[in-house]
There are 2 protein chains.
Amino acid sequence: MTEKVTAGLNWDSIDFDKHFLPGLSVDTVIFGFHDNGLMVLLLRYKGTDAYALPGGFIYHDESGEDAAKRVLQERTGLSDIFLEQFQTFSDTGRSDPHFFKDIMAARGLKPAENHFLLRRFVSIGYYALVDYAKAVPTSDDAADECTWHDLNNLPHLIQDHSRIIETALITLREDLNKKLVGFNLLPDTFTISELQALYETVLEKKFLRTSFQRTMLSLGVLEMVSKKTGVAHKSPYLYRFVKD
Amino acid sequence: MTEKVTAGLNWDSIDFDKHFLPGLSVDTVIFGFHDNGLMVLLLRYKGTDAYALPGGFIYHDESGEDAAKRVLQERTGLSDIFLEQFQTFSDTGRSDPHFFKDIMAARGLKPAENHFLLRRFVSIGYYALVDYAKAVPTSDDAADECTWHDLNNLPHLIQDHSRIIETALITLREDLNKKLVGFNLLPDTFTISELQALYETVLEKKFLRTSFQRTMLSLGVLEMVSKKTGVAHKSPYLYRFVKD
């Protein structure tokens with residue numbers, strides 16, 4: 001596949017039909033973990049109060065997964081990230097042509113009735129887990145800002161994007177135990193306390209410290225690295241996740 | 001939504017673009033349980049050896065889920081069936097225009113290069129669990145036959161349909177424990193032995209009879225109905241699944 005970069009795409013002049021599959025988009029729910037809270041990356045459309053998930057369209061010679069990776073790379077600067085498809089959203093009412101008409105009007109554009117953006121869209125949802133400290137949120141041509149938002153305090157989102165986030169969160173909770181994906185939200189090395197805080201935040205429940213530690217260590221996926229630097233005495237051990 | 005019935009659609013004359021979303025399809029993996037084997041429903045395209053999953057296109061005013069329900073109803077005669085979206089398939093190489101060209105040539109048709117069926121397709125995968133005894137496999141206009149096939153002895157399938165079945169099976173295995181979906185593959189009432197045979201078939205492992213029975217009964221989702229009729233003495237109890 002040739003390299004696809006949409007960051008430089010000019011919405012005002014691009015021939016969407018020429019480049020992209022019609023009526024199909026990807027939306028990415030990018031989760032980060034910060035201050036014991038789960039965060040999600042949102043864009044705010046230029047000159048509006050409309051918040052949305054980072055998303056994009058699929059080039060004619062690109063898979064949905066590659067499109068999602070591209071969106072993720074452009075919005076966070078990160079590649080080689082945990083990314084998983086979780087659901088495709090195809091309700092007939094989910095695309096509101098008025099929304100994109102307003103967005104384009106805010107840019108002084110008056111699209112034709114059958115414009116690419118005004119048609120019904122089906123969207124493939126992906127969720128990504130990134131190290132909050134490593135991601136560099138970066139806006140695109142259509143947005144004024146790209147920032148982290150606390151999952152418990154989200155602004156009003158366009159279309160069905162709230163539902164997309166809820167569905168991603170359900171999948172994340174399932175995958176946290178089933179596939180041990182939580183490590184992707186932590187730095188390369190971490191303490192058991194940090195791991196426990198992550199699990200408690202995502203699963204919204206408390207664990208007993210001793211039993212959590214015992215369970216995690218018994219899984220055989222943690223490798224001890226060293227004692228935490230700084231406070232020499234009584235500092236907790238640092239661990240890293242050993243993949244397979 | 002108005003009622004959508006494709007069974008009567010004539011492939012030779014229909015204006016696909018007018019009715020359906022472009023480049024998007026649904027494929028349904030319909031599982032049945034018979035003779036302690038897991039079965040899957042396949043179509044054979046008219047005048048060819050090409051086997052395929054039952055699938056269809058999405059009407060402009062229809063959701064993907066409603067399209068899958070429609071396919072399921074038309075191919076099995078059943079409605080109100082366990083149906084779950086599991087993955088969307090969007091690899092660039094998955095659509096082979098030669099395949100549909102051959103299919104249409106077998107019908108004496110010569111489609112234009114940009115014909116609806118010859119474009120790249122992204123397909124939303126759904127899996128369904130049906131009571132084998134209740135389903136009435138029914139062919140469509142494009143197929144010579146619609147029949148059950150043993151999952152362990154499948155014919156050669158078109159495009160990525162083998163991969164779609166494998167992915168559906170992985171999801172079924174996960175959901176069997178997580179969501180207790182197995183009951184959808186059994187008659188309304190069943191013995192613990194029948195339930196155990198189903199679990200052993202799907203999960204491809206053996207369980208100890210006593211511990212399987214104890215586990216299943218402890219879940220609180222089985223209701224005893226009566227002793228199995230017929231052999232009066234020593235006949236096992238019949239159970240039914242109590243939803244929520």
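The structure displayed is predicted, hence computed values, not measured ones. To find a chain, count down the sequence lines: A is the first, B the second, and so on, and within it residues start at 1.
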Nearest heavy-atom neighbours spanning A:Asp61 and B:Thr92
C-CG2, 3.4 Å

To check you understand the geometry: which heavy-atom pair defines the closest contact between A:Pro22 and B:Pro22, and what is its length?
CG-CG, 3.9 Å

When B:Thr88, B:Val122, B:Leu24 are compared by non-hydrogen pairs under 4.5 Å with chain A, the top option:
B:Thr88

Residue, of B:Ile58, B:Ile124, B:Leu21, B:Asp91, that accumulates the most heavy atom pairs under 4.5 Å with chain A:
B:Leu21

How about CG on B:Asp15, more than 12 heavy atoms from neighbouring residues, nucleotides or ligands closer than 6.0 Å, or not?
yes

Please output the residues of residues 195-203 of chain A in contact with chain B, using a heavy-atom cutoff of under 4.5 Å, in numerical order.
none

What residues of residues 163-175 of chain A sit under 4.5 Å from chain B when only non-hydrogen atoms are counted?
A:Glu174

For the candidates A:Arg120, A:Gln85, A:Gln87, which exhibits the highest count of non-hydrogen atom pairs separated by less than 4.5 Å from chain B?
A:Arg120

